[in-house]
Enquirer: 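Before I ask anything, let me first share the structure, which is written out below as structure tokens.
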Amino acid sequence: MLQVPFIRENKEAIITALKKRNIDAQADLNAIISIDVKRRSTQAALDFLRSEMNVASKKIGELFKSGNAAEANELKNGVSAQKAEEKSLADDLNSFNEQLQELLYKIPNIPNDLVPAGSTEDDNEEVFSEGEVPTLFDGALPHWELAKKYDIIDFELGTKITGAGFPVYKGKGARLQRALINYFLDKNTAAGYIEHQVPHLVNEASGFGTGQLPDKEGQMYHVGIDDLYLIPTAEVPVTNFFRDNLVNESELPILCTAYTPCFRREAGSYGAHVRGLNRLHQFDKVEIVRVEHPKNSYAALDGMVDHVKEILQELKLPYRILRLCGGDLGFTSALTYDFEVFSTAQDRWLEISSVSNFETFQANRLKLRFKDKEGKKQLAHTLNGSSLALPRVLAGILENYQTPEGIKIPEVLVPYTGFDMID
RNA sequence: GGAGAAAUGGCAGAGUGGUCGAAUGCGGCAGUCUUGAAAACUGUUGAGGGUCACACCUCCGGGGGUUCGAAUCCCUCUUUCUCCGCCA
């Protein structure tokens, strides 16, 4: 969420920047500014009236104490008469605040200068790639076939007990998942991220804090009876740790990591792209979250990108890094790098990580501030990234490491799996 | 799930209708003293809105109500604690 004073002072620049998202924000920004003017004048009028009433009330108390009941009663009638006006002004103010809030929720974050223009994922800019795409032998299979052949993932069983998109991992498949989780968490904690285990359901306020609500209700599973949401990512509980926090500058940066399952309804997805592990309703992910000083947030973003790179290098998977274009950029993000691993048997790239700087956009919603050296309060910057999303990493390993004899395990994972081959 | 008690500033904890945004202690910050630190002493120290700056307004778990006036009274929700029941 953008701040109103910022909008007031930078309207034209915001309109220009949001064009990269293919959004014309002019009308909404104008509405915000004019409602804010009304809001402030109403607030001033209300404050003035209340001040009068407060003075009179205090006087009434003094008059009663000094036994001057007649005069006190007269004043009382005067204040009573003002109450209707007070209520009307307060209602107006409330309504302006609500209108303002609603409009502010509609405006996405301002893209960073580096964000390329564009409307679809085809316009994303490749900024880095590494690792050789292996030439597969004759008879190489896509991961869902491999999963069946080696009996390590049972999609049908998941469908039976829950529904499509909820696979069951078995035997060495389950063990490999657990190995990946442990490996990722170890990498993250070695880099200074503090490991957390968090609730997998969150309340409505948390959904608002990170920007899933309003508008994206349909993406999350909602437990109606208790009004809780299943988390679509650990970003939601972890970033909301800091909701309504005022921290000391010296506490920054704050680095957290958490492994959680993630639940996504993925309404509207269909076809070959949801095959196998490509798109699931429940999947595992290890997340990293940072709360940063605004001065450091872009250096931190680069650091997170390097961190994820290192993991992929160790796994020896072919991957590339994309800088998302305006049209593909998430609502709350100012700059996002996507990591994609190459799925050899499918001959396509699969997104396995998304690393973003939200600048103050989430912090403003969260009321996450820090006190600087002068004692001034500033919004902090929040960032997060996946390190990594499990299913597609697993798909990448299965497909790229397959041999006629079986699936080799990346060397770095062997200490975690306890075996070096799935056969 | 049932019964009872409670929720106040970073923390602890006073405050039961007006002079309370709130005593006191701890903590934090600044200073005095000290070679430096500690101790001691002095001062300072909640948040939001609003203003050029003041003024002023709002906030004592959330929401609503009574009253000229609410931290204080009433209703409701949430959370915490104690006891009982159930339970991994």
Side-chain angles (χ1 to χ4, degrees), chain A residues 1-9 32-104 197-209 213 223-229 237 240-252 254 261 291 360 362-380:
Chain A
M1 190 164 69
L2 303 179
Q3 298 175 89
V4 175
F6 180 80
I7 291 174
R8 224 188 290 155
E9 283 156 35
I32 286 169
I33 290 169
S34 81
I35 290 169
D36 183 55
V37 169
K38 288 192 240 171
R39 187 205 116 231
R40 279 183 294 153
S41 66
T42 306
Q43 174 91 62
L46 179 62
D47 286 359
F48 182 76
L49 182 64
R50 279 181 171 162
S51 175
E52 278 187 348
M53 293 166 77
N54 286 344
V55 169
S57 292
K58 202 168 273 185
K59 191 93 182 283
I60 290 166
E62 286 161 10
L63 287 170
F64 271 126
K65 206 165 275 182
S66 64
N68 197 341
E71 204 177 325
N73 280 318
E74 199 174 311
L75 265 179
K76 251 166 83 164
N77 293 336
V79 178
S80 295
Q82 288 176 305
K83 285 182 117 178
E85 193 188 348
E86 196 233 341
K87 172 137 179 42
S88 141
L89 281 170
D91 287 348
D92 286 350
L93 183 64
N94 242 325
S95 146
F96 289 139
N97 278 328
E98 275 167 25
Q99 290 172 43
L100 203 54
Q101 203 59 228
E102 208 169 295
L103 283 164
L104 286 168
Q197 290 198 11
V198 301
H200 299 164
L201 288 94
V202 293
N203 56 31
E204 197 178 40
S206 296
F208 272 94
L213 296 175
V223 182
I225 193 169
D226 292 307
D227 198 18
L228 295 171
Y229 295 86
N240 274 281
F241 289 170
F242 308 104
R243 174 151 45 87
D244 295 318
N245 272 188
L246 179 56
V247 302
N248 258 318
E249 189 170 11
S250 59
E251 294 170 56
L252 299 177
I254 301 170
V291 180
T360 59
Q362 288 183 331
N364 190 32
R365 289 184 168 211
L366 293 162
K367 297 194 176 60
L368 162 54
R369 294 159 304 156
F370 69 93
K371 210 175 248 186
D372 65 22
K373 287 186 193 78
E374 288 82 49
K376 274 182 60 183
K377 288 169 275 282
Q378 296 187 42
L379 291 171

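A, B, ... follow the sequence lines: proteins, then strands. Residue 1 opens every chain.
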Enquirer: Please identify each residue that fulfils side-chain contact (heavy atoms from CB on, under 4.5 Å) with A:Asn54, with sequence neighbours left out.
Expert: none
Enquirer: Given the P atoms of B:U78 and B:U19, what is the spacing between them in whole Å?
Expert: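 So the two P atoms sit 33 Å from each other.
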Enquirer: Remember a base hit wins even if backbone is also touched, and classify A:Asn73 as base, sugar-phosphate or nothing at under 4.0 Å, heavy atoms.
Expert: nothing
Enquirer: What is the distance, rounded to the nearest whole Å, between atom CG of A:Leu89 and atom P of B:C56?
Expert: 20 Å
Enquirer: When you get a sec, tell me which of B:G69, B:U51, B:G49 is the closest nucleotide to the side chain of A:Lys83?
Expert: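 Nucleotide nearest to A:Lys83's side chain: B:G69.
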Enquirer: Taking N and O atoms by type only, does the side chain of A:Asn248 place a donor or acceptor under 3.5 Å from a partner on the base of B:G28?
Expert: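 Not at all, since no donor on one side and acceptor on the other fall under 3.5 Å apart.
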Enquirer: With P as the reference atom in both, quote the distance from B:U34 to B:U24 in angstrom, rounded to an integer.
Expert: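 Each nucleotide's P atom is 30 Å from the other's.
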Enquirer: Take A:Glu249 and A:Lys371 through the salt bridge (charged side-chain N to carboxylate O under 4.0 Å, His left out) test and state the conclusion after the steps.
Expert: CA-CA 6 Å; A:Glu249 189 170 11; A:Lys371 210 175 248 186; over 6 Å; no
Enquirer: Which nucleotide in the list B:G49, B:C56, B:G18 gets nearest to the side chain of A:Ile60?
Expert: B:G18
Enquirer: Within a strict 4.5 Å, meaning less than it, do heavy atoms of the A:Ile254 and A:Phe242 side chains meet?
Expert: yes
Enquirer: If I pick the C1' atom on B:C20 and the same atom on B:G13, what distance separates them, to the nearest angstrom?
Expert: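 Rounded to whole Å, the distance is 16 Å.
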Enquirer: Let's see if you can work this out: which of B:U58, B:G50, B:C68 has an atom nearest to the side-chain heavy atoms of A:Asn54?
Expert: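 The closest nucleotide is B:U58.
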Enquirer: Taking the P atom in each of B:G10 and B:A47, what is the distance between them to the nearest angstrom?
Expert: 8 Å
Enquirer: Expressed in angstrom and rounded to an integer, what is the separation of A:Arg40 atom CZ from B:U58 atom C1'?
Expert: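 Atom CZ in A:Arg40 sits about 18 Å away from atom C1' in B:U58.
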Enquirer: Does the side chain of A:Phe64 come within less than 4.5 Å of A:Lys76's, by heavy atoms?
Expert: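 They are in contact (side-chain heavy atoms under 4.5 Å apart), so the answer is yes.
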Enquirer: Would you mind telling me which residue lines up with the more 5' stretch of RNA chain B, A:Asp36 or A:Gly61, judged by nearest nucleotide?
Expert: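 Here A:Gly61 is the residue nearer the 5' end.
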Enquirer: Nearest whole angstrom, please: distance from the C1' of B:C57 to the CZ of A:Arg50.
Expert: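 Distance, rounded to whole Å: 7 Å.
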Enquirer: Please identify each residue that fulfils salt bridge (charged side-chain N to carboxylate O under 4.0 Å, His left out) with A:Arg243, with sequence neighbours left out.
Expert: none
Enquirer: Could you list the residues that satisfy side-chain contact (heavy atoms from CB on, under 4.5 Å) with A:Asp36, not counting sequence neighbours?
Expert: A:Val4, A:Arg8, A:Arg39, A:Arg40, A:Leu100
Enquirer: Counting only Watson-Crick or G-U wobble pairs whose two distances fall under 3.5 Å, which nucleotide matches B:U72?
Expert: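 No nucleotide pairs with B:U72.
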Enquirer: Assign A:Leu75 to base, sugar-phosphate, or nothing according to its heavy-atom contacts below 4.0 angstrom with the strands shown.
Expert: nothing
Enquirer: Return the CG to CG distance between A:Leu368 and A:Asn240, rounded to the nearest 0.5 Å.
Expert: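 If I round to the nearest 0.5 Å, the distance is 10.0 Å.
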Enquirer: Locate the shortest heavy-atom distance separating A:Leu2 from A:Asn364; write the atom from each residue and the value.
Expert: O-ND2, 3.4 Å
Enquirer: Which atom pairs link the protein and nucleotides 52-54 of chain B when you take only N or O atoms and keep those under 3.5 Å?
Expert:
none

Enquirer: Taking B:A39 as the reference, what is the distance to B:G31 when you measure between their C1' atoms (whole Å, please)?
Expert: 16 Å
Enquirer: Mind calculating the distance between CD (A:Glu71) and P (B:C68) to the nearest angstrom?
Expert: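 Going from CD in A:Glu71 over to P in B:C68 covers 17 Å.
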Enquirer: Could you measure between the two C1' atoms, the one in B:G27 and the one in B:C11, and give it in whole Å?
Expert: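 Nearest-Å result for B:G27 against B:C11 at atom C1': 7 Å.
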Enquirer: Please list, for nucleotides 45-47 of chain B, all pairs of protein and nucleotide N/O atoms separated by less than 3.5 Å.
Expert:
unit_1	atom_1	unit_2	atom_2	d
B:A47	OP1	A:Lys377	NZ	3.1
B:A47	O3'	A:Arg369	NH1	3.3

Enquirer: Determine the interatomic distance between C1' on B:U80 and the same-named atom on B:C68; round to the nearest Å.
Expert: 37 Å
Enquirer: Residues two or more places apart in sequence or in another chain: which of them pass side-chain hydrogen bond (donor to acceptor under 3.5 Å, both in side chains) with A:Glu102?
Expert: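 Result, side-chain hydrogen bond (donor to acceptor under 3.5 Å, both in side chains) vs A:Glu102: none returned.
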Enquirer: Send over the distance from A:Glu251 CD to B:G28 P, rounded to a whole Å.
Expert: 14 Å
Enquirer: Among B:G50, B:C57, B:G18, which is the nearest nucleotide to the side chain of A:Arg39?
Expert: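 In terms of side-chain proximity for A:Arg39, the closest of B:G50, B:C57, B:G18 is B:G50.
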Enquirer: What integer distance in Å separates A:Leu93:CG from B:G50:P?
Expert: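 Rounding to the nearest Å, CG of A:Leu93 and P of B:G50 are 11 Å apart.
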Enquirer: Can you tell me how far P of B:C77 sits from CG of A:Asp226, to the nearest Å?
Expert: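 Rounding to the nearest Å, CG of A:Asp226 and P of B:C77 are 16 Å apart.
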Enquirer: Sticking with atom C1', work out how far B:C56 lies from B:G50, rounded to a whole angstrom.
Expert: 8 Å
Enquirer: On RNA chain B, compare the nucleotides closest to A:Asn94 and A:Glu52; which residue's is nearer the 5' end?
Expert: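 Taking each residue's closest nucleotide, the earlier one in sequence belongs to A:Glu52.
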Enquirer: Between C1' on B:U58 and CG on A:Leu46, what's the gap in Å once rounded to a whole number?
Expert: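 Checked: the CG to C1' distance equals 9 Å.
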